[in-house]
Amino acid sequence: MTAPAARSRPFPPVLPVSQPLLGFAALALAGLLLALFAQQQAAASVYWLIGLGFGFILQRSRLCFAGAFRDLLLSRDGRLMRAILLGLLIATAGFSLFMARLVPDPSIGGLPPAAHVLPVGLHLVVGGLAFGIGMVLAGGCVSGTLFRVGEGYVGSMVALLGILAGLEVAAHTWNWWWQVHIGQAPLLWLPQLLGHGGAVALTFGALAAAYLLVLWVESGAPPALAFKRQAAPPAVGFRDRLQALEHRIFVRGWPAGVGGAALGVLNLGSYVYDHPLGVTGQLSSWSDRLAGLLGLSAPPLLGVDRFAGCNLALGDGGWLNATFTLEVGLVAGAFIAALLASEFKLRVPRQRLRYAQFLGGGVLMGYGAGIGIGCTIGAFFSALPSLALSAWVFAPSLLAGAFLGVQVIKRLP
Amino acid sequence: MLLDVRGEMCPYPAMRTKQTLKGLANGEALEVLTDHPPALATVPFEGARQGYEADIDPLGPGEWRITLRKVATSYDPKAVMQRVSARLAELEVEA
C-alpha cells in the first residue's frame, strides 16, 4: 500500500513547540493559579487541585462513563464498566466509614451532611433515560465531555454547549417537577433502613453481582477482550527506573482499572474535605448566568436546599468558588495530561451531522442531569457510595437510556 | 484500502472498521487512520474478531495508523491479541 498520508486531507498542523514543554508551562501556570486561589479562598484552591487530578486521571486512563455503558451494549466490551465498578467499591468502603463517623446512629433519622442522598422517584428514571441516550449520542457524559474539551475535541465543545442549554431547560421546568413529583419523593438512605453494616453488605453484594453480570456479557463475545500487559523492558540503575516510571505515569496511558481506583480515592478525598465529586450543579449556574444575558434566567428553584447533591443552581452566586475551580480544573488537568503525553490535537469532526448529534446529545444530557439531580458522577459515582437508594434507580435508567442511544447511533451514518 | 476516521470519536472508529472489513476483498489489508487514542484498543479488537491482525504506527502527536491484515487460514484469536498487545507495549501506548 502507498503512504496514506499523501492521500488524506491534511489536518491542522501540530503545535510548533514540543507538547511536553508546553505541558510543563501549563503546569507552572496551574501552580500559579493555585497560589492565587489560596489567597482568596482555601476551598477554591483545594478544589482546583481536585479538579486537576480529576481531569488528569480521566485523560490518562481514558475512563469514559458513557463508553462503559455503551461498549457493554454495543460490543460486549466491559473493561470500562469493570473499572468503574472497582472505583465504586473503593469509594463505598471509604464513604461508609466516614459516614458512620458522621452519623453513628442512622436510625434516629439524620442524614450525613453533603452525602448525595437524592429523592427517589420517577424523575430519576426520566432523567437517567434522557442522560443515557444523550451521552451515547454525544460520545461522552458530562465529565467525559469536559475532559475531551481539554484534549482538543471540537465535537465535545459543541456537546458542552448542548449540556448548558439542556440544564437551563431543566431549570425552567424544575418547579413543575418539584410540585408534581420530586417534592413528595423520599430521601432514602440505606443505613436508615438496614443499619450501617447491612447497607454496606447490600451495596458490596450488588456491586459484585453487577461485576459478574459484566463478565457474563463479555463472555458472549468472540475473542477474549483482555489485553495482557507485556513485561516492561529491563531497567538498569536508578535513572532507567525513574524514566520507566515517568513513562508509565505521563506518557503511556493507564489501564482503565487504575483510573477507576484513582477516581474512587479522589472522590473519597473530596468528600472528607467537603463534599463528594459532582459537576453539573456548577454548570447549571453557568447556563443560568448565560441565559440571564438573554433575559431568560430561571425563576427561584423550589426545594433545592432540601437535599445535597448536584442540585440545579441559579446564576446569582459569585464566580470564584470551590465548584467553579473543580470544573475548570478538570478541563485544565486533561489539557496538561494530554500535552505531557503529546496527545493534544484539535480534532474536528468532518461530518456536519456530528455537530447536530453532539449538540442534541448534550441537550438531552443537560436536561437529564437537571431533573435527575446529577450526572454519571453526582447521581451515580457519588450517590452510590453515599449508600443512597437513588443511585440504584438512576444507574439502570442510564443503562436503558444507553441502550436506546446505541439503537440510534447504529442507524446514523 | 484506506479508512480515514480522523476527527471521529468512539464508537465510530470501531464501527466503521467493522463495516469496512465486511466489504473487503479476501486478502486485502485495511489501513485505519485515527486520532482517537481509545480506538487503539477498539479497532484491533474489531479486527481480531474477524480474523485480522493489527499493526500500529504512530504518525505524529495524537495520530496513528492501524494496519489490519487477514491472518491466512484458521487463526487463534488469543495469539493475535498477544501480538497486538506486544506491539502496543513497544509503542508505549496503553490502549
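Each chain gets a letter, A, B and so on, in the order its sequence line appears, and its residues count up from 1.
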J.: For A/Arg350 versus B/Asp4, what's the shortest heavy-atom pair and its separation?
T.: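 For A/Arg350 versus B/Asp4, the nearest heavy atoms are NH2-OD1, 3.0 Å.
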J.: Any side-chain heavy atom of A/Arg70 within less than 4.5 Å of one from B/Cys10?
T.: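 They are in side-chain contact.
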J.: Report yes or no: is the cationic atom of A/Arg354 (NZ for Lys, CZ for Arg) under 6.0 Å from the centre of the six-membered ring of B/Tyr12, at an angle within 45° of the ring normal?
T.: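 Because its charged atom sits under 6.0 Å from the ring centre and within 45° of the axis, A/Arg354 does stack over B/Tyr12.
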J.: Minimum heavy-atom separation for A/Leu74 to B/Met15, with atom names?
T.: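 That would be CD2-SD, 4.0 Å.
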J.: Looking at B/Met9 and A/Ala138, what are the two nearest heavy atoms and their distance?
T.: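 The answer is SD-O, 4.3 Å.
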J.: Can you see which heavy atom on A/Lys345 is nearest to which on B/Pro61, and at what distance?
T.: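 Looking at all heavy atoms of both residues, the shortest contact is CD-O, 4.0 Å.
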J.: Once salt bridge (Lys or Arg N to Asp or Glu O under 4.0 Å) is applied, what residue pairs with a partner in residues 150-160 of chain A remain, sequence neighbours excluded?
T.: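 Salt bridge (Lys or Arg N to Asp or Glu O under 4.0 Å) check on residues 150-160 of chain A returns no pairs.
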J.: Determine yes or no for a side-chain-to-main-chain donor-acceptor pair under 3.5 angstrom, with A/Arg347 supplying the side chain and B/Asp35 the backbone.
T.: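 Indeed, once roles are kept as given, a pair shorter than 3.5 Å links the two residues.
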J.: Quick check on the structure: residues of residues 152-162 of chain A within a heavy-atom distance below 4.5 Å of chain B, by number.
T.: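 Residues of residues 152-162 of chain A touching chain B at under 4.5 Å: A/Tyr153, A/Ser156.
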J.: With sequence neighbours excluded, what pairs up with B/Gln19 under the side chain to side chain donor-acceptor pair (under 3.5 Å) test?
T.: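 In terms of side chain to side chain donor-acceptor pair (under 3.5 Å), with neighbours along the sequence ignored, B/Gln19 is linked to B/Arg16.
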J.: Do A/Val348 and B/Arg6 make a side-chain contact, defined as non-hydrogen atoms from C-beta onward lying under 4.5 Å apart?
T.: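 No, side chains not in contact.
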J.: Write down the atom of A/Arg79, the atom of B/Ala41, and the distance for their closest heavy-atom approach.
T.: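 Smallest interatomic distance, heavy atoms only, reads NH1-CB, 3.7 Å.
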J.: Identify which part of A/Arg148 has an atom lying under 4.5 Å from any heavy atom of chain B, answering side chain, backbone, both or neither.
T.: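 Side chain of A/Arg148 only, per the 4.5 Å heavy-atom cut-off to chain B.
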J.: Which donor-acceptor pairs under 3.5 Å do side chains of residues 403-413 of chain A form with protein atoms, sequence neighbours excluded?
T.:
residue	atom	partner	partner atom	Å
A/Gln407	NE2	A/Phe403	O	3.3
A/Arg411	NH1	A/Gln407	O	2.8

